[in-house]
Amino acid sequence: MREVIEFRYKRALYELVKKTEDDDDVEGYRFPDAYDQEGCIDQKKRFDVAKERYCERRRSGRVVTEQEAWEDHQAQKARVRFGAKDKKQVVDGYEFVFDDLTGFVEESSEAETGKHRGCYSKTAAEKAREGREFLPIHGYREELLKLIEENQVLVIVGETGSGKTTQIPQYLQEAGYTKRGKIGCTQPRRVAAMSVASRVAQEVGVKLGHEVGYSIRFEDCTSEKTVIKYMTDGMLLRELLIEPKLDSYSVIIIDEAHERTLSTDILFALVKDVAKVRPDLRLIISSATLEAKKFSEYFDSARIYLIPGRRYPVEKLFRKCPEPDYLETVIRTVVQIHQTEAIGDILVFLTGQEEIETVETNLKRRMMDLGTKGSEIIICPIYSNLPTPLQAKVFEPAPKGTRKVVLATNIAETSLTIDGVKYVIDPGYCKINSYNPRTGMESLLVTPISKASAAQRAGRSGRTGPGKCFRLYNIKDLEPTTIPEIQRANLASVVLTLKSLGIQDVFNFDFMDPPPENALLKALELLYALGALDEIGEITKVGERMVEFPVDPMLSKMIVGSEKYKCSKEIITIAAMLSVGNSVFYRPKNQQVFADKARMDFYEDTENVGDHIALLRVYNSWKEENYSTQWCCEKFIQSKSMKRARDIRDQLLGLLNKIGVELTSNPNDLDAIKKAILAGFFPHSAKLQKNGSYRRVKEPQTVYVHPNSGLFGASPSKWLVYHELVLTTKEYMRHTTEMKPEWLIEIAPHYYKLKDIEDTRPKKTQRRIEEASTSKVDTNKKTRTSKVDTNKKSKR
DNA sequence: GAGCACTGC
C-alpha cells in the first residue's frame, strides 16, 4: 500500500507542474483531500514543502539544489503529455567534483525495502498477483481502459518500472477484449517476449502456453486457448503475410516502439492501414518520452497518455571538454570511483571487443602500479561474441570487499541487465552499422550516441538503488535520437516483403521516416535481377518462393536456385552458416596462431576450397561429432553460433519442404555447389587485378580479400564470388569463393554479357575508360588489362 | 597484414 501512497505524492507534484503549463493558479493548488483520507499524511507534508520551494523558485528563478532538481526531474517527466518544451537541464554537475549524497535519498528506496514484507509464506503465483497493485500503472487502470475504448489508436508513454508491458494486456483481458480476439503484444527481443509472457502467466495463474503464451522464431509457445500473446516484432510481420487483416486479434500493442527496429517501422504502416478497415481493432503504441509526439502525429494525432514509472534517481556528472584519449579518461575515472565512492559495481560502455581488451589490460596494469592499498577490483568483459561460459562471470556478484568493473558494449544498454551496478561511465560512443546503397557496402562506424541512448545508459545505474553516471561528454552536443535502422539498412528484404503483401508503390509507402530513395531503387534493381520481380515490379513465382525464407533475398535465391544443381542439402547448410550473425570462428587474442591453424584445416585436401565450402565442412564435421561442444572448443569454433546455425538450418529445411523443393545432396561436386551459390550471388563477382587486388565486374570498384578469409594470402584465384562487402580500413569482400567466369553468362545471361568477362580489349580504349571512370588513377598505374564495365554509366 | 556494435524473421 505504501507505494500507492507514494504515488499520490508524485501525482500531486505532477498536477502542480501541469498548472504551470496551463498557467493556472499554481499557488492555490493544494494536496487533494481525497488522498489525505487514504493516509497520505506524511506525503501531504512533503508535498507542501516541495510546493513552497517550487513556487519560490518560480518567483525568483534562482538556481536549484539537487533535491529540488530531482523533484523537478520527476515532475518534468510527467509533463510530456502537454508537449514539454526544452527545459534547462539542471541535474548535471561539473567535472568530477562530487557533493556527497546526504539528504539525497530518493523516496522510493525506503519503500522498496519493505516491498515484499510478509509475503514469504505465500506461493509465487499469489505473490505475483498481489504485486500487481503496487505497480504505478495500477492507479490508471480505469482511465486507461476508458481511453482505449474511446480511441482506436493510443500512444502510451510508459516509463521504466511502470508495469505497462505486463499489466495492459491483463486489463484488456479483464475488460473483455479477448472475447473478440487475441491481444498481441510485440517486443523487439526474443528474451523479453519469453520472460514477460512467463511473468504474466504467473500473475494470471495459468500455465505458460495456455491462455498466456509467446511466439518467437524457432519456438511457438501458444495454443488454441491463447488470448494474450507476446511475440517479437518480426514474428508479427511474418504473421501479417499469412493474415493481412489480423482477423484473430482484437488489440495489437507495439511495445518499445521508440527502438525503431526495421520490423516495427514496417509494422507501423501496416497496422495503421489495417486499423482503417477494421474499426474494432485497437492499437496501442508504447514509446519512450522523446518520440511520443512523433508517433502521435504519425497516427493521425492519436491521444498520448502518460504513465509515470518508478526508478531511482541517477546523479549525472559530465566533463566540460571531452578528452582526446577517452580510454585513458575511462581508466582514471574507474580508479577515482574505486578510491572515493561507496561500494557498488561500475559499468563502462565501450564500442567493441578491441576497446574492451585494451581497457582491461591497461586497467589491470594501473591497479598493479597502485599497489595493494585499497580493495581489489574484478574486471568482467561482456560482448555478444564472447563465448557464453565467459559471459556468465558478469552475473556473479562480486566477492565481499571487492568491486566489479563491467566493460560492456551496447549489449548492456538494452539487451541484458546487470544487477548491482551503481556507477555508469559513459564515453558517449557506439558502433553503428550503415549500408551505402550506391556501393553496396556496409561499414561499422564509431559514432556519438543519441540523447535517448545517453538516458538509457544512465538509467542502468539506478536499477536497484540511487546511481551515478559519469558522462565524458556534454549531453548538449548529442542528437536527440539515433537514425532509425530503416534509413541505413539494405532494403532488399524489406521491399520483397512489401511486394509480397501486395504493396506496389514502395516509394509512396507510408513510412514514418522514409528511407533514401536510391536505397529503395537499388533494392528493386537487385530483386529484378534475381528474378523476384518482373519488369513492372510485380512479384514473380520465384519471388513468392523466396519470401518464405527468413533470410536475405540473395540467400533465398541461392536456396531456391539450388534445386537445379541438385545440392539443396549443402546449400541450406551454407545459407544457415552465413545467416549466423557472428563469426563462427573464435579467435582469442592470446591464441591467434592456434586458432588460425585450426581454421585452415577446413580448407585442406581439395583445391579451391572457398570460404563457403569451408563453412559447409565446419558444419558437417560438427554434425559428425554429434554436435559436440567439446569439439567446438578444440577447433576454436563458437558453439553458440553453431547451435544457432543448426536452428536456422532446421527451419530452412522445413520451408524447403513446404515450397516443394526436393532435398538433394551432391557433396563431392563442388562446382555444382558453387554454381548454386552463384545463382543468388552472381551480382557479387570480382576479378583479379595485376597488383593482387580485385575489381568488381559490375559497378567498378577495387576490393580486397578479407584478412579472415581462407583465401587471404593464398595463391589468388582469378575470379571470385563474395557474400558481402564491408568497409573497414579497406573495401573487403567477406566470405569469398573461386568461380569460373563463363558460369556468370550461363547462370545470369540477363545480367552479364560476354564483354563483361573478356579481358582482351584494346589497351588505349581501356585506359581512357579507366581514367574517366575513376579519380584514383594512381592505384592502377600498371593495371592495363583489368576490366571496366562499360555497360553502366560510369560515375560522374 | 587486419578485424565482427546489436537485434530480428
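Note that the structure is a prediction, hence the values are computed from the model and not measured. Just so it is clear: chains get the letters A, B, ... in the order the sequence lines come, proteins before strands, and each one is counted from 1.
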[X] [atom1] to [N] [atom2], straight-line distance once rounded to whole Å:
X: D220(A); N: dC9(B); atom1: CG; atom2: C1'; value: 14 Å
X: E485(A); N: dA5(B); atom1: CD; atom2: C1'; value: 12 Å
X: R734(A); N: dA2(B); atom1: CZ; atom2: C1'; value: 12 Å
X: N691(A); N: dG1(B); atom1: CG; atom2: P; value: 13 Å
X: D233(A); N: dT7(B); atom1: CG; atom2: C1'; value: 9 Å
X: Q456(A); N: dC6(B); atom1: CD; atom2: C1'; value: 13 Å
X: I648(A); N: dG8(B); atom1: CD1; atom2: P; value: 11 Å
X: D255(A); N: dT7(B); atom1: CG; atom2: C1'; value: 16 Å

Of the listed nucleotides [options], the one nearest the side chain of [X]:
X: S583(A); options: dC4(B), dA5(B), dC9(B); answer: dC4(B)
X: I411(A); options: dC9(B), dC6(B), dC4(B); answer: dC6(B)
X: P550(A); options: dC4(B), dC6(B), dC9(B); answer: dC9(B)
X: R217(A); options: dC4(B), dC6(B), dC9(B); answer: dC9(B)

Please work out if [X] contacts a base, only the sugar-phosphate, or nothing of the nucleic acid, heavy-atom cut-off 4.0 Å.
X: F712(A); answer: base
X: N433(A); answer: base
X: L262(A); answer: nothing
X: T351(A); answer: sugar-phosphate
X: E413(A); answer: nothing

I want to check one thing: is the phosphate of [N], taken as OP1 and OP2, less than 4.0 Å away from some side-chain N or O of [X]?
X: S263(A); N: dC9(B); result: no
X: R190(A); N: dC9(B); result: yes
X: R189(A); N: dG8(B); result: no
X: S384(A); N: dC6(B); result: yes
X: T232(A); N: dC9(B); result: yes
X: H706(A); N: dG1(B); result: no

Does H258(A) have any ring-ring contact (aromatic ring centres under 6.0 Å, His included) partners at least two apart in sequence or in another chain, and if so, which?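 Counting only residues at least two positions away or on another chain, H258(A) forms no ring-ring contact (aromatic ring centres under 6.0 Å, His included).
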Tell me which of R238(A) and T729(A) sits closer to the 5' end of DNA chain B, going by the nucleotide each one is nearest to. T729(A)
When you match N385(A) and S579(A) each to their closest nucleotide on DNA chain B, which lands nearer the 5' end? N385(A)
How about F295(A) and F268(A): are their ring centres within less than 6.0 Å of each other? yes
Does the gap between the ring centers of F712(A) and Y704(A) come in under 6.0 Å?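 That pair fails the under 6.0 Å test.
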Do you know which of F349(A), Y473(A), Y326(A) makes ring pair (Phe, Tyr, Trp, His ring centres under 6.0 Å) with Y429(A)?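 Going through the options one by one, the only one that passes is Y326(A).
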D601(A): salt bridge (Lys or Arg N to Asp or Glu O under 4.0 Å) partners, not counting sequence neighbours: K597(A)
With sequence neighbours excluded, tell me which residues meet salt bridge (Lys or Arg N to Asp or Glu O under 4.0 Å) with R189(A).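 If we apply the salt bridge (Lys or Arg N to Asp or Glu O under 4.0 Å) test to R189(A), skipping adjacent residues, the hits are E259(A).
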Taking the six-membered ring for Trp, are Y722(A) and H684(A) parallel (under 30°), tilted (30 to 60°) or perpendicular (over 60°)? parallel
What residues, two or more places apart in sequence or in another chain, satisfy side chain to side chain donor-acceptor pair (under 3.5 Å) together with K635(A)?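 Here no residue qualifies.
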For S198(A), check side chain to side chain contact (heavy atoms under 4.5 Å, CB included) against everything at least two apart and list the hits. L208(A)
Got a sec? Which of residues 444-452 of chain A come in under 4.0 Å of DNA chain B, heavy atoms?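 Under 4.0 Å from DNA chain B: L444(A).
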